[in-house]
Each structure stands twice: as structure tokens, then as C-alpha cells.
Amino acid sequence: MDKTFQPADIETRWYTTWENAGYFAPSGEGSPYSIMIPPPNVTGSLHMGHGFQEAIMDALIRYHRMTGCNTLWQVGTDHAGIATQMVVERQLEARGTNRHELGRDAFIDKVWEWKEESGGTITRQLRRLGSSLDWSRERFTMDPGMSAAVQEVFIRLYREKLIYRGQRLVNWDPALHTAVSDLEVISEEEKGHLWHFRYPLTSGDGHLTVATTRPETMLGDTAVAVHPEDERYAHLVGQTITLPLTGREIPVIADDYVDREFGTGCVKITPAHDFNDYEMGRRHDLPLINILDDDAAINEQAPEAYRGMDRFDARKQIVADLDELGLLEKVDDHTLKVPRGDRSGVVIEPYLTDQWYVDARTLAKPAIAAVENGDIQFVPKQWENTYFAWMRDIQDWCISRQLWWGHRIPAWYDEAGNVYVGNDEASVRSENNLDASVVLTQDEDVLDTWFSSALWTFSTLGWPEETKDLATFHPSSVLVTGFDIIFFWVARMIMMTLHFRDEVPFHTVYVHGLVRDAEGQKMSKSKGNVLDPIDLIDGIDLESLVQKRTAGMMQPKMAARIEKATRKQFPEGIDAYGTDALRFTYYSLASTGRDIKFDIGRIEGFRNFCNKIWNAARYVLMNCEGEDCGQDAGSDFELSLADRWIIGRLQETEAEVAKAIAQYRFDLASQAMYEFVWNEYCDWYLELSKPVLWDDEASDAAKRGTRRTLIRVLEASLRMMHPLMPFITEEIWQTVAPLAGKTGDTIMLQPYPVADESAVDNAANADIEWLKQVIVGVRTIRGEMNIPPGKALDIMLSNGDDNDKDRMTIHAPALRKLAKLESITWLENTESAPVSATALVGNLEILVPMAGLIDKDAELARLGKEIEKLGKDLSRIEGKLSNASFVDKAPAEVVAKEREKLAEQQAAMEKLREQEQRIQAI
RNA sequence: AGGACUAUAGCUCAGUUGGUUAGAGCGCUACCUUGACAUGGUAGAGGUCCCCAGUUCGAAUCUGGGUAGUCCUACCA
């Protein structure tokens, strides 16, 4: 074995072996356990957040596989309609063409080509992360089977009147030329202006003043509204104004939606270009005048002067024109929320179009109930509130997208505009008795990607056919996801699955935090702070990282900024840490918080942990290979106190880990493992094994017992850690397992260790605790007195009881080795003790004679420090116990505990003072 | 505007039903290449548990009120 752990060599080797051997597939035995991967965008690539999520799922999957479950981790990707279409359109643009020149079919072919070309990135990354996905069942949302499911769902919902088509205001993205759902619009505060315009009364009796942030929409105004109880304007209600620039006569209406305090208290109403105005328009039966086209330029409904102008140019022009007419009263600076498309970044227009909608309100009812009654549980539970808040006020879901890449809506129109929904044109004709003379054209639009993702848990398993997989693995066990897609995806899956399967899609939703960079910033391409998990696994030099982060940047200024930040944050590039270290880092960060700041510093510590495991294994193998490790039946071996102690600690750790995993607390699980392996097994047990193995006096049975424990505890620890660190554990296990009497081709399919409480030996624990304290006592004196580590000491023990004396005898070899002692002497008579530095273990005093080693002042200073510390503690306890109400009201056991503590510390204090006096007397 | 979450060591974070001497990793200081490991060992320093009030014998923990930050939802043109 190499002296240091080299992850690169072993990772791909093991992954290939596992995959080829078919270990990732369900075993077909045991109770089913399944997780459906949140499908990543097939043409995208995984970032740190994905890596985190995959790591958690893989740990759950590997853990349950080892506990004997029939385990399925369903893999797949989605087609990411808008994102993918955008990428391909950009490619076309670079070649000086566009999708319209290409035509729909040719364009879709291009997208498929791109999918084939780039689709490997994700799956490659997933493999590098060690994800034990069942690749044989890989799905893609645009595959024929899944497309059939989408179609089936659409048609059934349409027939149940839960999907309808209607002309309404939608969020229109003028750059992408498609409607988007509410969730795809991000509203953020931006600086703007509030323009005050005078609208002259038709009667000629002056004017009223309206305030607006969007002057260009005035071309579509069809009313001015005031509050019904606003006395300032009461007399105007019912009159009309003559809309400037258009000359249209429009009414002044009263509606209590108007806020009297804001602006002038008069609101211009543009029902075709504002969601609130639209509602008001319906209440007052106002006409809708659409003044924009698909590009958000002014259309032919507007006065000629403005036609064809972009909305923002039109704004300037209109303001200028009104100013010229003397109708611009004033312009105030104003901060307002501007809605932008999350993909395109352009300002979204409320726009009147025909779209398809899902009646979300109806579907939401059972979906709310399923969480209320506990059929689905969120972890952490507080996310249920987020879910409820949204679901109880859910809006109908606009599912049509004016794109070419996606599931085409199975609806046909005749020339009269009648809609027929069905599987294909032929069935539509036959179902509706339409002969060949009727011209039918299919709806041009496709469905929102989330519409197909909403079917993910059951469509991946073969639905609408009632497959065996569906019966076995649905509902899935747990959904692992980030809170940012609770609405997008989780809620919609619950709605669709309950409706079509009459069962929940999953029993538990584990909501993890979002990975952010070291500054707490969200990782995003545009900020240039994304990290590819593979770069942490393999490492990357600075130049490559800079290039990767700035590639494809539209704005050179942005690229320069990103380059600077990257050079500052990673001056040396990124080291190769290996998958196991990366994964372990993820787990250590997986607590209940919402943000996970990924600090590169943390991963280094866990790489060191891997190295520690590696070297511990090296030590164990050096001592066990070719030796009798006591595995044979009837073997004569003897377990020492240390053996019994570490075996017990392993059981306790196993119990802790099991509990943590059951609660999805991978931070606690990983910490328990780390602590056990490093701070107990390596720091103490391996050290305690040395005096036995290297002692010529020790019996063969004792040595066998030690080797047996070394190897068995290591072997079990590897199994325990395997779900979190698959590669290093497999690599080591292959060599270790046979020595521990285990057989099997892979650690992956070995039983997960289960804690055996009966193997916890409290007597051994107490003994080792004593031993550790004595060793630490000597070391502390050594450290603080600056006694060279190489200097072997002669120490004495005094004031102990028979138990201490026995322990001294039993543990003498360990003490000598670990505390580097020349000799240990038991003092019956304290009087005869030489002047010494001392440490206490209970009542037992450890004496390190000072002659030639320790100077008086240093020891006095040390004692003074101890006395001060103890004194503080003592007075606190005394205070507590002298408080009558504490003694009266606190539980008896708490009081007793305090009393006991007091007695102990008083005794210790007395010893320290005596010692202080003795030293002072020198 | 409503709601949620967060605030603990220089940094990143744990801290169960109130009962502790408040922990871990990283970083820091000193010493050490001893036969698994310098990606290491040993010892150590470092905290007003955001602030105020309350409940309680007892509060990092519970309640109320502040402050700061993050996020979500809804929005006033």
C-alpha cells in the first residue's frame, strides 16, 4: 500500500467494476426502497448543489441496500424546454441562421443532436461522484414512454375539465416569445420613475392627474379609477376624460382597489397590460386594448406615430410628447419591482394570449390533505408551512409554451377554431366524426417541462401501464430536493400523482439547504462563482479554472471581474481531493440549515481523514497479514480491556450513526464516524495495540485477541462508512475482509453493521477511561513543563485505592509506551514522596518527580492556573447548593449530582493546595 | 405589507425533553520526523452563546420585545 491515499487510481476502477457487475440494480429481495432522482437538465452540467444532493441520495441508497432493502435509485434527465432551446438557438445564431429558417422539424433534429452530444456530461459526472444509480433504467422526459404518459395525462385532464384553454393575461417573455409561469418570473426592486400625467376631462372642466411607472401603456388605457370614498374625486366619477395622444374618450370609475394615499389617488387602467387592471376591467366591463406585439413593440392598435416602436423607445417618446402638450406634471424617482424572466432576464409583459391552463385549485385540495394528514412528511417539518402557504392560494398553472422543444400539445383545431383533443389526428377525426374534408391543424405549442417532471415518480416506472416496477417501487420512499423547487416540482408531483395514481409520490420530502460559495453567495454562472464538483475531485489549475468560468461570457467586463475574483479566491487553483473527501465534506455540512457555505478549507480536513483511514489500515494490515487473527472457530484468543472497550465504542457509534441517518442528519452521522475512527480507533486503540503486539512477554492468545479486534473493528468500520465514502472503503475492504473472516465480492452488498448493545462493556470503558486520564495527566505535565517528548520519565502513583493499584499493574505496559515512562512506582506512603509535579485522576495522584526536570516557578504557575479554574467551579457549585430553593425544588438526582461533584472537587482542591505548599517550601 | 429562517471561538458549524466545566473541524501558538500516517503526533490559547426584559431553583436552550442578516409570498399604479 502507498504511504498516502491516492484516490484517483481507485475511483474509476471501482465504479466500473460495480456498474459492470450490476450491483446498482434492485436485488429483488427485501422490502422496497426507492428514490427518484430529481432529473437534471440533460444538456446541462452538475454544480456543487447537485453534487451535494446526489451525495445524500447515494448515502441513503447505499445504506438501505446494505440493510437488505430491495433498492432502486431511478436515474434520468429532463429536456429543459426553454434552457435547451435557447442554447441551440444561440448555436444557430452563431452560424448566422435561426430556427425559423431551419423549420420546426429540422430544428428539433438539431436539438436532439445537441442532446446526444452534451448528454454525456451529466451521466459522467454522476458516475464520478460514485452515485449508485441503476443505469439500466435510465429515463429521459422526451423518451417515447414518458411522452406517452404526458399525452395520456393531458388528454385525461382535458376530458375531466381540469385542463382548459383560455385567453388571459399571461407572463410573456418578449425575448423568448413564450408565455412563462408565475414561478419563472423573478421580481426584484429596481430604480425607476413615477410619471404624473394630466388627463383632460372631456367636459373641458380641467383635468385629473394620474401617476404611472409605465407611460407607454397609456395608449391602452380604457379608464381612470378613483377610490369610491375619495371626496376629492367623487364629482368626477361617471364623467369621462379624453385620453391624450389617442383622443379616446374613457370613463372615470370608482373602485376600492385604488389606494387614496398613493400618487394622486387616480389610477390609469390598462386592462390588457396589467394584472390588477385586468381584474378591474372585468369588474367594470372595460374593453381590453392590446397595444403590443410579440416583441413587445407597439402594434397597430396604437396611433400611427408609435407603431413599431420598442416599448422602451415608445416610453421616451410618449413622455416627450405629453411634456410638449403640457400634460407632464412631474417626474419622481421611484423604486419598483420589475418582473424579469428567470431565463432571458428581460422585463416580462403581462400579455393577452390564448394559453392552456391546469386547474390547480382542484388538484391542490387532495395534495394539501396528503401533507396535513401525514401521508407525506417534510423534513425539516417547517417546510410544510411553505408548502401550505403556496398551495392554499394556488393560481391556475399556465402549461403551454410557445417553443418547439418539448411535448407538443395534443390538440387540433378546425378552420372554425373548434378544439379537439386526442392522441393523434386520426383518432381525433374518428372520435369526432370529422372526415377528410375538415382541415385540422395541430396546436403549435409545447408543454411546460415541469408538466412532464410532475409525472416523474410514476412515469419512470412504466405508467400508464400497471407494471411490476410500479407496484413494487411506487410510492417512492423519499424525495431529496432543495427548497427552491418545492413549488415548481414537489407540489406539482404531489398533485399529479395523487390524481392519477390515487397514492402519494413519496412518503418523505427531505429538503436540504442550498450550496453557496464561501461568501454565502448563491452559485451562478453569471456571477462566475460556480464550482464543478469534478474539479474538487480531480483538482484544476488556476488558468483552466479561470477559462472555465469565463467561457462564453457575453460581456468582457463581467469576464474580467470573474477572472479577478477567481484568481483571488484560488490563487493556487484547486487541489485534487478525491470523491470520498468531497462527499464526506458534503455530509458534514448537511445539517438543518438553509444555506450551506462551501468553504474549500473544509474539504482538506476530510482528505486528511481519508489518509488517516488509509494509514490506519496500513498499520492493521502490517500487523495482521500472514498472522493468526483468531478468526477460526475454536481459536484461542483473549480480549483485553482495550479490545473490549473499542468493540463497545464501535457499537455505540453504530447506534449513533443509525439514529442520525434515520433523521437525515448526515452531519451527525459523519461526525460520529470521524470521531470514532480518528479520536478513538486511531488515537487510542491502535496505540494501545502496540504494547501488546510488540511485547515479547505477551501471550499468543492476547496477541491473537488484539489482531482479531484490530481487523474486525476496522472491517466493520469500513462497512459503516461505506455509504458515505464508497471508494476508499471498498479498496481497503477487499484486503481487510478475508482477514476478518468475511467473504464477498464487494463491500457494497455486505450487511450494514448493526449495533449490539450487549457488546458495550462498561467496566472496560471505565478502565480505559482511567488509563487515558493517567496518560493525559503525564503528557500535560510534560507539555507544560517543556520536558522533551523523548525523555522517559519515572513516575509514582499515590493515594490510590486497590482498584487503582490493579489498573496500574494491568496497564503498566500501555502506560510505559503511551506516556513514555521509564518506571511506575506505587507509593503506599505519601510521606515518602519526592517533590513532584502532580496530576489528579479522581483521588489518585500522579507524581512526576521534579529533580532535574521541572522548575519550581513553572510548576507553581501551572498549579495556580489549576487552582483558579477549580476555584471558580467550586464557588459556582457551592452557590447552587447553598441556595435553598435549588435544593428544595430541583430533582433529587440533580442535587445529588451536584453534591457529588462538590465533594470531588473539594478533595481535588485540597490536593492542589497541599501540592502548592510543598513546592513553595522548596 | 405578511410570513419563515438565522445570529454560539478568528472562520465554517454542532449543541436532544431547560440540569455542562458550552463542543467539533479549520486556522492560531509551542514542542516533536518514536518502527500506520508531517495529508502526522503531543500540549495549549481562544466564547458577554446578538441585545433587553420575563418565566424558572436553574436559560445558549422556553416566552415577549428589539437589532442585524437571509429568504419566500403578495404588492400601490
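The sequence lines fix the lettering, A, B, ..., with proteins before strands; numbering per chain opens at 1. A quick note: this is a predicted structure, and the numbers were derived from the prediction, not measured.
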Checklist entry - Is the ring centre of A/W383 less than 6.0 Å from the ring centre of A/F378? => result no

Checklist outcome for this item: Heavy-atom nearest nucleotide on RNA chain B taken for A/G593 and for A/K901; more 5' hit belongs to A/G593

Checklist entry - So, for A/I253 and A/A223, which heavy atoms are closest and what is the spacing to 0.1 Å? => result CD1-CB, 4.2 Å

Item to check | Side-chain (A/R816) to main-chain (A/P691) donor-acceptor, under 3.5 angstrom | outcome: no

Checklist entry - In terms of ring plane angle, is the pair A/Y587 and A/F584 parallel, tilted or perpendicular, where the classes change at 30° and 60°? => result perpendicular

List every contact pair, protein side and nucleotides 68-74 of chain B side both N or O, where the distance is under 3.5 Å.
unit_1 : atom_1 : unit_2 : atom_2 : d
B/rC71 : O4'    : A/R594 : NH2    : 3.1
B/rC71 : O2'    : A/R594 : NH2    : 3.4
B/rA74 : N6     : A/K337 : NZ     : 3.2

Atom pairs, N/O to N/O, protein against nucleotides 47-50 of chain B, distance under 3.5 Å?
none

Item to check | Nucleotide nearest A/E784 when distance is taken to its side chain, options B/rC13, B/rG44, B/rA24 | outcome: B/rG44

Next on the checklist: A cation-pi test, strictly: NZ or CZ of A/K612 under 6.0 Å from the centre of the six-membered ring of A/Y674 and no more than 45 degrees from its axis. Yes or no?
Outcome noted: no

Item to check | Earlier contact from the 5' end, RNA chain B, for A/E189 and A/T780 | outcome: A/T780

Next on the checklist: For the P atoms, the ones on B/rU16 and on B/rU34, what distance do you get once it is rounded to whole angstrom?
Outcome noted: 44 Å

Checklist entry - Within the structure, does a side-chain N or O atom of A/T213 lie under 4.0 Å from either OP1 or OP2 of B/rA77? => result no

Next on the checklist: Nearest 0.5 angstrom please: A/T217 OG1 to A/I318 CD1, how far?
Outcome noted: 8.0 Å

Item to check | Distance, rounded to the nearest Å, where A/L793 contributes CG and B/rU42 contributes P | outcome: 17 Å

Item to check | A/M1/A/M622 under side-chain contact (heavy atoms from CB on, under 4.5 Å): CA gap, chis, key distance, verdict | outcome: CA-CA 10 Å; A/M1 277 174 93; A/M622 277 175 187; over 6 Å; no

Item to check | Base-pair map of RNA chain B as dot-bracket, where | denotes pairing with a different strand and pairs are Watson-Crick or G-U under 3.5 Å | outcome: (((((((..((((.....[...)))).(((((.......))))).....(((((..]....))))))))))))....

Next on the checklist: By the 4.0 Å heavy-atom rule, please label A/R779 as base, sugar-phosphate, or nothing.
Outcome noted: sugar-phosphate

Checklist entry - Can you list, by residue number, the residues of residues 885-893 of chain A that have a non-hydrogen atom closer than 4.0 angstrom to RNA chain B? => result A/S885, A/F886, A/K889, A/A890, A/P891

Checklist entry - Between A/R607 (CZ) and B/rC37 (C1'), how many Å, whole number? => result 13 Å

Checklist entry - Within the structure, does a side-chain N or O atom of A/H334 lie under 4.0 Å from either OP1 or OP2 of B/rA77? => result yes

Item to check | Results of salt bridge (Lys or Arg N to Asp or Glu O under 4.0 Å) for A/R618 - residues two or more places apart only | outcome: none

Item to check | Footprint string (nucleotides 31-36 of chain B, 5' to 3'): B base within contact, S backbone only, - free, heavy atoms under 4.0 Å | outcome: ----BB

Checklist entry - Does B/rG3 have OP1 or OP2 sitting under 4.0 Å from an N or O in the side chain of A/N385? => result no

Item to check | A/Y619 backbone acceptor or donor facing A/N623 side chain under 3.5 Å | outcome: yes

